Amino acid sequence: MIKTEDYPLSRVPQDKRVSLFSVAIVYMGALTSLDQFMLGAVLGNSMELADAFIALFIASIIFCVVTYGLGMAGMREGISGSLLARWCGFGRLGSALVGIVVAVSLLGWFGIQNAIFAKSLDFALGHKLGFNWAAILSGSLLTILVAFGFKALRIAARIAVPTFILLVIYITFKILTEHNISDINQLTAAGDTLSISAGITIVMGGAIMASLVTPDLTRYSKNGKHVLGVIFIGIIVGKCAVNGLALLIAKALGTADVVSIMSQTVGVTGLLVVVFSTLKVNDLNLYCSSLGIVNAVEGLTGKKLKYLSTTLVIGALGTTLSVLGILDRFIDFLSLLGVVLPPIIGIMLVDYYVLRSHRKILDKSRDEGKLPDEKQTPVIGWVAIIASIVGSVVGLVIEWGIPTINSLVAASFIYWALKVVVSRNQKRLESEETV
């Protein structure tokens, strides 16, 4: 069994690695959740059917490549993604900043999915409660759940995720019996139209977090073939299937609203499944966001925040985002993630596989079964941080091409070029000192 809280600051030993299926089932579960259904629904409601599938296909290819690279590094080193960042350009403090970016992103996801929970709850109660009060109630209850650990509700939430997948399959079957594919293909976009490049970016934004945390799971894999199998099953069988089915459903019904989709097709029963599915996904969002903030603050300041109080504060912030209408900015949120997070991944891949800045140190410490010590760990990687910021800006302001690729390539190239220049200058100064 995988326990992601094990070995947070150490390597996973070879004798603790698990089977391909054990890792793949966890990874696929993370990619077959409500957020991926929401993403597919947005594509179906905002794009022509062929364009939507093209965007999904291209984004999945990009996602596979970068995710496989990080997954292999995680398997090889046996450490999590945030820890790996310390020796992939960002340094100890830089990796803490990466953790903050991830935590804030998860906070946004908490707000979005709590809004779905609240809309479902308000609809089921006949709009007697009102969305704002429903959002406050649902956000508060979930925050208490995560903070104090009510296991019974967590077990119910875990049951709801596979139930949600079965519900999606049932709705798809029902829709396709009432509409044939050729009819659906003729339908125009019901919402604001998205281009293929914009579609690719929001698909990446909706899944890029999974790429960053892939090493957290593949560090339990035994070899490279297992990593490839995990990613193939998770992305092709899991993510693409859910995105594709949601795309067809939203196109046929002419809406991207999950609550409308469920209420039109399966009524209150579907809404209850959505509520419990949201519990499970947001349970993880809030938990990981809280841990990320606690670890980042400890790394930056040395101060150890209390998990309970941190969770309560973050839960309150996430609930506030729901009330303020973050769900209405869902596409903007995905577009932002689609250009801000890829630079971090690109820099880590360039450093690990191309520049190999700390590979000797990692190899030596791996043979000893431990991590590099503090003296061998950079304090902060300014070059990586600067390249990340510039890459994100490039993705946001340049309209030509695909924003997520623009940000990824720009950050990777800038990081590589600056590191080469810095390295040459250091060698020149060292040679001058020895003369």
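All values below were derived from every heavy atom in this structure, side-chain atoms included, with hydrogens, water molecules and symmetry-related copies excluded. Please read these numbers as outputs of a predicted model, since none were measured by experiment. Nothing fancy with the numbering, it's 1 onward along the sequence.
- Between the side chain of T67 and the backbone N or O of C64, no donor-acceptor pair lies under 3.5 Å.
- Aromatic ring orientation, F123 versus H127: perpendicular (interplanar angle above 60°, classes split at 30° and 60°).
- Taken to the nearest 0.5 Å, the CG atom of L408 stands 10.5 Å off from the OG atom of S392.
- Between I314 and F110, the closest side-chain pair of non-hydrogen atoms is not below 4.5 Å.
- Between I202 and T404, the closest side-chain pair of non-hydrogen atoms is not below 4.5 Å.
- Evaluation of the salt bridge (charged side-chain N to carboxylate O under 4.0 Å, His left out) test over residues 256-265, restricted to residues two or more places apart or in two chains, returns K119-D257.
- The distance from the CG atom of L43 to the CD1 atom of I54 is 12.0 Å, given to the nearest 0.5 Å.
- Put simply, OG on S80 and CG on L212 are 11.0 Å apart, with the number rounded to the nearest 0.5 Å.
- With contacts defined as side-chain heavy-atom distances shorter than 4.5 Å, the pair R17/T218 does not qualify.
- Residue pairs meeting the salt bridge (charged side-chain N to carboxylate O under 4.0 Å, His left out) criterion with at least one member in residues 337-359, sequence neighbours excluded, do not occur.
- Atom-to-atom distance recorded for L97:CG and S82:OG is 12.5 Å, nearest 0.5 angstrom.
- Counting only distance, with no hydrogens or angles, the side chain of N406 and the backbone of G401 share no donor-acceptor pair below 3.5 Å.
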Just list the side-chain donor-acceptor pairs under 3.5 Å for residues 320-333, sequence neighbours left out, or say none.
residue : atom : partner : partner atom : Å
T320    : OG1  : A316    : O            : 2.8
S322    : OG   : G111    : O            : 2.6
S322    : OG   : N114    : ND2          : 3.1
S322    : OG   : G318    : O            : 3.3
R329    : NE   : D332    : OD2          : 3.0
R329    : NH2  : D332    : OD2          : 2.6

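- Under the 3.5 Å distance criterion, the side-chain polar atoms of Q36 are matched with a main-chain donor or acceptor of G206.
- At a threshold of 4.5 Å between non-hydrogen side-chain atoms, the residues P403 and S197 count as touching.
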Practice problem: Please assess D363 against R76 for the test side chain to side chain contact (heavy atoms under 4.5 Å, CB included), listing each intermediate value before the final yes or no. | Solution: CA-CA 9 Å; D363 290 345; R76 180 183 173 86; 3.3 Å; yes
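- For the pair Y352/L70, no side-chain contact is recorded, criterion being any heavy-atom separation below 4.5 Å from C-beta on.
- Contact check for W416 versus V354: side-chain heavy atoms found under the 4.5 Å cut-off.
- Between L336 and L396, the closest side-chain pair of non-hydrogen atoms falls below 4.5 Å.
- What you find for M75 and S221 is that their closest heavy atoms are CG-O, 3.5 Å.
- Distance check: I249 CD1 to I261 CD1 gives 6.5 Å after rounding to the nearest 0.5 Å.
- From I196, atom CD1 reaches atom CD1 of I402 across 8.5 Å, with rounding to the nearest 0.5 Å.
- No donor-acceptor contact under 3.5 angstrom links the side chains of Y220 and S22, judged on distance only.
- The shortest side-chain heavy-atom distance between S407 and V394 does not fall under the 4.5 Å cut-off.
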Self-check item: Step-by-step side chain to side chain contact (heavy atoms under 4.5 Å, CB included) determination, I171 to M262
Solution: CA-CA 9 Å; I171 294 174; M262 294 300 168; 3.5 Å; yes
Quiz prompt | side chain to side chain contact (heavy atoms under 4.5 Å, CB included) assessment of V23 paired with H226 | solution = CA-CA 9 Å; V23 181; H226 283 197; over 6 Å; no
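- A donor-acceptor distance shorter than 3.5 angstrom exists from the side chain of T214 to the backbone of A210, with no hydrogens or angles considered.
- Shortest non-hydrogen contact noted between I347 and S388 is CD1-OG, 3.1 Å.
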Quiz item: Run the side chain to side chain contact (heavy atoms under 4.5 Å, CB included) check on K251 and N45 step by step: do they pass?
Solution: CA-CA 5 Å; K251 175 65 69 177; N45 192 54; over 6 Å; no
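- With respect to E77 and R219, no salt bridge is recorded, no charged nitrogen being found less than 4.0 Å from a carboxylate O.
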